[in-house]
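See structure below.
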Amino acid sequence: MKLDHLGVAVTDLERAAAAWNVLGLQTAHVEEVPRDQVRVAFVPFAGGRLELLQPTAETSPVARFLARRGEGIHHVAFAVTGLADLLARLKAAGVRLIDEAPRPGAEGTAVAFLHPSATGGVLVELVERPTSA
Ligand code: ZN
């Protein structure tokens with residue numbers, strides 16, 4: 001698995017993007033993901049990207065994360081191929097999954113989250129790009 005991105009929960013997408021901009025990292029893409037009730041900004045760096053996540057509703061999982069823990073790293077995402085098969089293998093191995101089947105993510109990807117209890121408290125996202133399918 002290759003690192004795809006680090007998800008970072010933020011309260012203000014533009015302010016967070018500007019802070020990374022000072023370090024020389026430019027926002028490449030901004031998108032709303034209604035299903036997850038977030039606006040996301042992707043900020044590429046060598047070898048990966050930051051995914052800044054700002055909730056658009058109080059019921060957003062990211063809003064709940066911010067209320068509990070404040071701003072910071074929210075999840076680690078790895079690029080995979082054959083996501084549906086991988087999830088089936090993980091489930092069979094007893095790994096606790098949040099998503100048992102791939103679902104739509106940003107930029108036309110298919111994504112699934114593993115439960116943090118499966119990975120020592122780290123929320124892990126698996127991402128399959130349309131081109132890698
Ligand atoms: Zn993500």
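Counting convention: from 1, in listed order, for ligands and their atoms alike.
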Margin query: What I want to check is whether the side chains of Gln37 and Thr59 have a donor and an acceptor closer together than 3.5 Å.
Written below: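 Short answer, yes.
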Item checked: Any side-chain donor near an acceptor of the partner, Glu71 and Thr11, under 3.5 Å -> yes
Of all N/O/S atoms in [X], the name of the one nearest the Zn ion (ligand 1):
{"X": "Glu51", "value": "OE1"}
{"X": "His5", "value": "NE2"}
{"X": "Glu125", "value": "OE1"}

Item checked: Presence of N, O or S from Asp4 under 2.8 Å of the Zn ion (ligand 1) ->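 No N, O or S atom of Asp4 is closer than 2.8 Å to the Zn ion (ligand 1), so no.
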Next item on the list: State whether His74 contributes an N/O/S atom found under 2.8 Å from the Zn ion (ligand 1).
Entry: no
Check: Taking all atoms of both residues into account, what is the closest heavy-atom pair of Val127 and Ala77, and its distance?
Finding: CG2-CB, 4.0 Å
Checklist line | Nonpolar side-chain network containing Val33, other nodes, edges under 4.5 Å | finding: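 Noted: Val33 shares its cluster with Val38, Val40, Phe42, Leu53, Val62, Leu66.
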Checklist line | Listed partners of His74 passing ring-ring contact (aromatic ring centres under 6.0 Å, His included), at least two apart | finding: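 For His74, the residues satisfying ring-ring contact (aromatic ring centres under 6.0 Å, His included) (neighbours in sequence not counted) are Phe65.
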